[in-house]
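In this text the structure is predicted, and so the values were computed from the model without any measurement. Residue numbering restarts at 1 for every chain, and letters A, B, ... go by the order of the sequence lines.
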Amino acid sequence: MATEISNRGIASRLLLLSELLEITGDNVFKIRAFYRAADIIERSNSPISQLNIYNLTLVPGIGPAIAKKVREIVETGTCNELEVLRAMVPPTLLELLNLEGVGPKTIAVLWKKMNIQSIDDLERAATGRRIRSLKGFGEKKEQGFLRSIALYRSAGGRMNRLEAEAVINKLAGSFAPGTWVVAGSYRRGKSTIGDIDIVTTGSPLVINPELQHRVDEIIDEGDRKTSVRVLGQRVDIRFTREPQLGSMLIYLTGSKEFNIRLREIAIGSGRKVNEYGVQARADGTLHEFSTEKEMFSFLGLQEIPPELRENQGEIELAGRFQLPQLINPSDIKGDLHVHSNWSDGSLTLDQIAEKGEALGYTYILCSDHSASLGITHGLDEEKLQQQAHEIERVNRTGRTCTLLHGIEVDILANGSLGLPDRVLAGLDLVIASVHSGFKEDRDTMTRRVIMALDNENVDIIGHPTGRLLGKRPSFEIDMSRIIDSARETKTSLECNASPWRLDLDADDIRNSTKNGVRISIGTDTHQEDEFLHMPHGITIARRGWCSTVNILNSLSLQELLDWVS
DNA sequence: GCCGTTTTCGGCCCGACTGTTTTCAGTCG
């Protein structure tokens, strides 16, 4: 059997098609249709390659033309229109789309009038001051191109949440306390953030000058909006007034798809939604909202938590007042992934129990590495037995937080585990994780993890895709098979709260809980301050539509022990 | 190209800011 093309594979070809159509100047609505279809296919949790033409057209956003192209891609790996465009447009031209301030129209003109085909070509032409001779281009554009090229070459990509917080902290002094809110993808709880968006009720007359000496660069400056660069990252600041704060927050929190959907709905009832409020199209009267809740209510919607605003069905549910009650920090009863100084952590077991008590937890799973992983001073059978005695001693000291004795056992290359079953059977909870052999192919890796799932001693699969944000991509793994197997074996999948992992991601979490798989949130703490990463994990779980019933560590200690047995 | 209890044709979210212009196109979010 030939390998089926993945949803991502289909989506990437449609995306390439829409980018090529942009440069060749095709109808913008047609381009958007391709772009939307690519997004829908990428996010779908069932294999699109198995749908026939008719079933494809039943997917919202896919019509007869795109359905035909998808089938062509499934059967041949590409489609005719894509190949025609690829033969026409130099491939290096697409890279120019990554430059800030450079869009498809600009690229088309540079290509057709000056035969500029790549970033290097553009740099040479701008340095040689040749571009200013083109109609519609001047000296400032030329300099802007050179700045964008330098920025693109030095860019470190998207920020993780800690890096975003560093940028925010650098600017915090520009605003009076209580007059500003971080919106955008940071507020929606995304695991990586492209730029920072801030809404403030402060005056631009005060804040714009304040920003001057805190930023690397002012990109745009205005009375309604100012954009700056801080620590190499873009920050957009929108100025508003208290009576309009609600609509501005909704607007700047997004997502883009969410905003578009909200506005489409408003059009249906003769209204216009923008960042200033809701306007009646008939007479132009503007309704203002100081809170988001008031504006949602005015539109006939339940208040939608920022983490859900992705146009993934939440708006329709909000219209029926049927949004899920999302998990909250106060629902978390304990941390299910902590390392002590018995392996590669820095805290003693006593310190961990003390910290757990201070955080209001009723339990913490002490899950050190197994001995198979040489670099982290893992525990063998003997050390594990000694640790058991020490945990018993700590648990007798009368703290309100109980230490559970567990392990983070390695899933080895052949799918077996780093410790024998009889050892694992004696522990309270077992996390099994992949820490080596990331380069295996998709099928091998999937079977490795499924073997671990089939082991009756394994309760949780730790960081199931192995990614390190910005450093190491997920390894190849068929998550739908993993989720099926987790359901059958009643195993939990981890939402690792470390800001460098945040793995599983929100889409996989939502697919897991739809299938009845419980999510375990663990901080993977190695040193004291990492206990504070729990909220990052909760945020991702909220993005995955999790209620308390979906979260393993919202169970009480007794319920958790019952679940294990 | 997609879509439809206003529509099967004619719409398709909305506004800020810049640079290059004498009124607007392009880009961005």
(message) Counting only heavy atoms and a strict 4.0 angstrom limit, can you tell me which residues of residues 105-114 of chain A come near DNA chain B?
(response) Lys105(A), Thr106(A)

(request) Tell me what Leu99(A) touches on the nucleic acid: a base, only sugar-phosphate, or nothing, going by heavy atoms under 4.0 Å. (result) sugar-phosphate

(request) Please measure how far the C1' atom in dC28(B) lies from the corresponding atom in dC13(B), and state the result in whole Å. (result) 14 Å

(request) Report the residues that fulfil ring-ring contact (aromatic ring centres under 6.0 Å, His included) with Trp111(A), sequence neighbours left out, ordered by chain and then residue number. (result) none

(request) Within residues 225-240 of chain A, find the residues that approach DNA chain B with a heavy atom at under 4.0 Å, and present them sorted by residue number. (result) Lys225(A), Arg234(A), Asp236(A), Arg238(A)

(request) With heavy atoms under 4.0 Å as the rule, sort Asp220(A) into base, sugar-phosphate or nothing. (result) sugar-phosphate

(request) Using the side-chain contact (heavy atoms from CB on, under 4.5 Å) rule, pick out the option among Arg130(A), Arg124(A), Arg129(A), Glu123(A) that qualifies with Thr127(A). (result) Glu123(A)

(request) Could you check which residues of residues 138-150 of chain A get a heavy atom under 4.0 Å from DNA chain B? Sort them by number, please. (result) Gly138(A), Glu139(A), Lys140(A), Lys141(A)

(request) Kindly state which residues belonging to residues 58-67 of chain A come within less than 4.0 angstrom of DNA chain B, counting heavy atoms of the residue only, listed by number. (result) Pro60(A), Gly61(A), Ile62(A), Gly63(A), Pro64(A), Ala65(A), Ile66(A)

(message) With heavy atoms of chain A within less than 4.0 Å as the criterion, where does contact along DNA chain B begin and end?
(response) dG1(B) to dG29(B)

(request) Inspect the contact between Asp236(A) and Arg238(A) and indicate whether a charged nitrogen and a carboxylate oxygen are less than 4.0 angstrom apart. (result) no

(message) Distance check, C1' atoms only: dT20(B) and dA25(B), in whole angstrom units.
(response) 9 Å

(message) Between Leu134(A) and Arg36(A), which residue's closest nucleotide on DNA chain B lies nearer the 5′ terminus?
(response) Arg36(A)

(message) Return the pairing partner of dC28(B) with a 3.5 Å limit on both distances, Watson-Crick or G-U wobble; otherwise return none.
(response) dG15(B)

(request) Give Tyr276(A) one of three labels, base, sugar-phosphate or nothing, depending on what nucleic acid heavy atoms sit under 4.0 Å from its own. (result) sugar-phosphate

(message) Counting the atoms with a prime plus P, OP1 and OP2 as sugar-phosphate, which does Lys272(A) contact under 4.0 Å by heavy atoms, base, sugar-phosphate, or nothing?
(response) sugar-phosphate

(message) I'd like the P distance from dC9(B) over to dA16(B), given in whole Å.
(response) 36 Å

(message) For Glu100(A), is there an ion pair with Arg229(A) - N to carboxylate O distance below 4.0 angstrom?
(response) yes

(request) Tell me, please, which residues at least two apart from Phe239(A) pass ring-ring contact (aromatic ring centres under 6.0 Å, His included). (result) none

(request) Could I get the full list of side-chain contact (heavy atoms from CB on, under 4.5 Å) partners for Glu288(A), not counting sequence neighbours? (result) Arg241(A), Pro243(A), Gln244(A), Leu286(A)

(message) Tell me every residue that passes ring-ring contact (aromatic ring centres under 6.0 Å, His included) with His463(A), counting only those two or more places apart in sequence or in another chain.
(response) His435(A)

(request) Measure from the side-chain N and O atoms of Asp503(A) to the backbone N and O of Thr465(A), and report whether any donor-acceptor pair falls under 3.5 Å. (result) yes

(message) Using atom C1' in both nucleotides, what's the gap between dT7(B) and dC2(B) to the nearest angstrom?
(response) 14 Å

(request) Before accepting this row, confirm whether a basic side-chain N of the pair Arg147(A)/Glu217(A) lies closer than 4.0 Å to the acidic partner's carboxylate O. (result) yes

(message) Regarding Asp478(A) and Arg8(A), does a basic nitrogen lie under 4.0 Å from an acidic carboxylate oxygen?
(response) no

(request) Would you kindly compare Glu275(A) and Lys30(A) by the position of their nearest DNA chain B nucleotide and give the one closer to the 5′ end? (result) Lys30(A)

(request) Between dT23(B) and dC17(B), how far apart are the P atoms? Round to whole Å, please. (result) 23 Å

(message) Regarding Arg481(A) and Asp484(A), does a basic nitrogen lie under 4.0 Å from an acidic carboxylate oxygen?
(response) no

(message) Applying salt bridge (charged side-chain N to carboxylate O under 4.0 Å, His left out), can you list everything that pairs with Arg271(A), at least two apart in sequence or on another chain?
(response) none

(message) Does Ile267(A) reach a base, just sugar-phosphate, or nothing at all? Heavy atoms under 4.0 Å.
(response) sugar-phosphate

(request) Could you list all the ring pair (Phe, Tyr, Trp, His ring centres under 6.0 Å) pairs where at least one residue sits in residues 289-322 of chain A, not counting sequence neighbours? (result) His287(A)-Phe298(A), Phe289(A)-Phe298(A)

(request) Pull out every residue in residues 186-210 of chain A that has a heavy atom closer than 4.0 Å to any atom of DNA chain B, ordered by number, or say none. (result) Asp195(A), Asp197(A)

(request) Sticking with atom P, work out how far dT5(B) lies from dG1(B), rounded to a whole angstrom. (result) 23 Å

(message) My understanding is that only one of Glu292(A), Glu257(A), Glu303(A) makes a salt bridge (Lys or Arg N to Asp or Glu O under 4.0 Å) with Arg309(A); could you say which?
(response) Glu292(A)

(request) Quick one: label Val28(A) by what it contacts on the DNA or RNA (base, sugar-phosphate, nothing), any heavy atom closer than 4.0 Å. (result) nothing

(message) Less than 4.0 angstrom from a charged side-chain N to a carboxylate O is my criterion; do Glu142(A) and Arg132(A) meet it?
(response) yes

(request) Cation-pi check, Arg467(A) to Phe475(A): give yes when NZ or CZ is under 6.0 Å from the six-membered ring centre and within 45° of the ring axis, no otherwise. (result) no

(message) Under a 4.0 Å threshold between the charged nitrogen and the carboxylate oxygen, would Glu310(A) count as salt-bridged to Arg543(A)?
(response) yes

(request) Evaluate salt bridge (Lys or Arg N to Asp or Glu O under 4.0 Å) for Glu165(A) paired with Arg161(A), printing each intermediate quantity in order. (result) CA-CA 6 Å; Glu165(A) 282 161 13; Arg161(A) 295 187 65 80; 5.1 Å; no

(message) Taking Glu72(A) first and then Lys69(A), would you say they form a salt bridge - that is, a charged N and a carboxylate O separated by under 4.0 Å?
(response) no

(request) Could you tell me whether Asp223(A) contacts a base, only the sugar-phosphate backbone, or nothing, with contacts defined as non-hydrogen atoms closer than 4.0 Å? (result) sugar-phosphate

